[in-house]
Colleague: 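This structure is in structure tokens; I'll ask about it shortly.
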Amino acid sequence: MLSSTWNFIKRHKRKFIFAGAFVGGVYLLGKYAQRKLQEMQEREAAEYIAQARRQFHFESNQRTCNMTVLSMLPTLREAIKHHLNSESLTALLKSRPANKLEIWEDLKIISFTRSIAAVYSTCMLVVLLRVQLNIIGGYLYLDNSVTKNGTTPLAPPEVQQQYLSSIQHLLGDGLIELITAVKKAVQEVLGPVSLKQSLSLQDLEQHLNQIRQLVEDDSGSLKHRALSWFMMPDEENTLADQASGLTENDITTIKLLNETRDMLDSPDFNTVLNICLNRGFSRFLDNMAEFFRPPQRDSTPCSTPDSLSQVSLPLAKIIPIANGQIHSICSEVPSHFVQDLLMIDQVKEFAANVYETFSSPHDLQK
């Protein structure tokens, strides 16, 4: 029995060897495939977790952007009111001065200037903060991913503070320049219009478009660069101010500011800013339209666009309406005006692109 079995094995030795090698190979191949599959699953899980963490950080950053905009609007509003003090003029009018007509003319220019400047500066604040906080947010995401390995932070707290303080230009010198440009345009368009002249909502929209054209086309082909100047000072001035004794943090801050200028000069930024301005001035006209509604009658339902176009008001009555719009435009309590700007899809997409650019690891090599 044993000898016959042994003879059988000897006769089929090659087959047994091949079978053993085949089974062993299949086993090893299976183990290799299992290990590779496990590595792939672990890599996909790690990428998914990293993407989820990145998305969570981005969404948290957008909430910070929104809260920062709302927190800065009172400061912006008070700065505009300080430079365009219509309250002092209205107080003078109550005292029935001899130069009443002259004061009314000044009030006309100041009232429209401050509301229009409020629309411009609020739109600029929304888009500029989106750029700045998503640039710094991208660097912070990389810092959180890299500093665990002992690498020097890309954006230390001192750099963050220096960089974000550049927003003060929009609230200071930039705002003064913006007000000057808007006031000049308002004077040219509305200066010749009599206080007694009646204007419809369509007339008001036409005047507003003329003012916008003067402000935005003031420097011809460089109109978008003119708008960016209101948000950030020229690169040369910044470098000149810090030409000596630059620290490593100063150099990093200048790098961030230059990257921001590149964004502000990009076609995408100008497209998004223009969308915001169109939405902002449309909301401004919507707010004004509330005062152009004809008297309600029992037989008349709500006002229609056609009925609004038939209503005209003397410019003298429109002035106080325009004058008060700044409180709606620059409201720290989320108003329709600010909410409209914050919820624009193109603003969200642009913010996502900025964050994506500056939170990608390849930026470490720059």
Side-chain angles (χ1 to χ4, degrees), residues 46-73 75-76 122-171 228 231-232 238 248-266 268-273 275-276 334 338-339 341-366:
E47 290 175 355
Y48 175 80
I49 292 172
Q51 186 62 32
R53 185 170 64 247
R54 194 176 183 183
Q55 182 64 26
F56 176 81
H57 187 263
F58 169 73
E59 292 173 355
S60 175
N61 201 48
Q62 303 325 295
R63 290 191 292 271
T64 300
C65 286
N66 294 343
M67 295 304 296
T68 304
V69 169
L70 293 174
S71 68
M72 296 189 70
L73 285 176
T75 303
L76 176 62
T122 301
C123 292
M124 291 175 180
L125 183 68
V126 167
V127 185
L128 177 58
L129 280 175
R130 273 289 187 278
V131 172
Q132 287 194 303
L133 291 179
N134 279 291
I135 288 178
I136 207 69
Y139 276 100
L140 288 176
Y141 174 80
L142 291 176
D143 280 342
N144 291 335
S145 303
V146 174
T147 50
K148 296 176 182 178
N149 300 326
T151 308
T152 303
L154 295 169
E158 296 82 3
V159 170
Q160 298 175 40
Q161 185 175 1
Q162 285 181 341
Y163 171 64
L164 294 176
S165 67
S166 64
I167 195 71
Q168 293 302 318
H169 178 77
L170 177 58
L171 303 176
S228 69
M231 290 174 273
M232 290 193 74
T238 301
E248 186 174 344
N249 283 345
D250 291 333
I251 294 173
T252 303
T253 302
I254 292 173
K255 176 176 179 288
L256 288 172
L257 292 173
N258 288 339
E259 289 170 336
T260 305
R261 288 188 188 88
D262 290 341
M263 282 290 174
L264 265 56
D265 288 336
S266 69
D268 287 345
F269 177 86
N270 292 313
T271 297
V272 172
L273 177 59
I275 290 171
C276 283
V338 178
Q339 289 284 37
L341 299 180
L342 296 178
M343 299 304 293
I344 293 175
D345 288 337
Q346 290 88 341
V347 173
K348 295 180 179 180
E349 293 171 5
F350 180 67
N353 291 337
V354 174
Y355 183 85
E356 176 74 19
T357 299
F358 290 93
S359 64
S360 298
H362 64 76
D363 283 332
L364 289 170
Q365 307 300 324
K366 293 183 179 181

Colleague: With Tyr163, which of Asn249, Thr253, Thr260 fulfils side-chain hydrogen bond (donor to acceptor under 3.5 Å, both in side chains)?
Modeller: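 It is Thr260; the other options fail the test.
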Colleague: Might you point out which heavy atoms bring Ile136 and Ala155 nearest each other, and give the distance in Å?
Modeller: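 Looking at all heavy atoms of both residues, the closest pair is CD1-CB, 4.0 Å.
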Colleague: Within a strict 4.5 Å, meaning less than it, do heavy atoms of the Val159 and Tyr139 side chains meet?
Modeller: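 Side-chain contact under 4.5 Å: no.
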Colleague: How long is the gap from CG on Leu129 to CE on Met72, to the nearest 0.5 Å?
Modeller: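 Leu129 atom CG to Met72 atom CE measures 6.0 Å (nearest 0.5 Å).
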Colleague: Of all heavy-atom pairs between Leu341 and Cys276, which one has the smallest distance, and what is that distance?
Modeller: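 Heavy atoms only, the tightest pair is CD2-O, 3.5 Å.
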Colleague: When you measure from the side chain of Ser166 to the backbone N and O of Gln162, does any donor-acceptor pair fall under 3.5 Å?
Modeller: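 No, Ser166 side chain to Gln162 backbone: no donor-acceptor pair under 3.5 Å.
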Colleague: Leu73 versus Leu125: any side-chain heavy-atom pair under 4.5 Å?
Modeller: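 Leu73 vs Leu125: side chains touch.
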Colleague: Under the criterion side chain to side chain donor-acceptor pair (under 3.5 Å), I'd like the reasoning laid out for Glu356 against Asn134: C-alpha separation, chi angles, the key distance, then a yes or no.
Modeller: CA-CA 9 Å; Glu356 176 74 19; Asn134 279 291; over 6 Å; no
Colleague: In the structure I gave you, are the side-chain heavy atoms of Met232 and Arg261 within less than 4.5 Å of one another anywhere?
Modeller: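 SC-SC contact between Met232 and Arg261 confirmed.
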Colleague: Met231 versus Val127: any side-chain heavy-atom pair under 4.5 Å?
Modeller: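 No, side chains not in contact.
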Colleague: More than 12 heavy atoms of other residues, nucleotides or ligands under 6.0 Å from CD of Gln339: is that the case?
Modeller: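 Yes - once you tally the heavy atoms of other residues, nucleotides and ligands closer than 6.0 Å, there are more than 12.
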Colleague: Could you walk me through whether Asn66 and Arg63 satisfy the side chain to side chain donor-acceptor pair (under 3.5 Å) test, starting with their C-alpha distance in whole Å, then the side-chain angles of each, then the deciding distance to 0.1 Å, before giving a yes or no?
Modeller: CA-CA 5 Å; Asn66 294 343; Arg63 290 191 292 271; over 6 Å; no
Colleague: With side chains defined as the heavy atoms from C-beta onward, is the minimum distance between Val272 and Arg130 less than 4.5 Å?
Modeller: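 A side-chain contact under 4.5 Å is absent here.
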Colleague: With sequence neighbours left out, what residues match Thr64 under side chain to side chain contact (heavy atoms under 4.5 Å, CB included)?
Modeller: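 Thr68.
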Colleague: Does any part of the side chain of Leu128, heavy atoms only, come nearer than 4.5 Å to the side chain of Leu273, both counted from C-beta?
Modeller: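 No, every pair of side-chain atoms sits at 4.5 Å or beyond.
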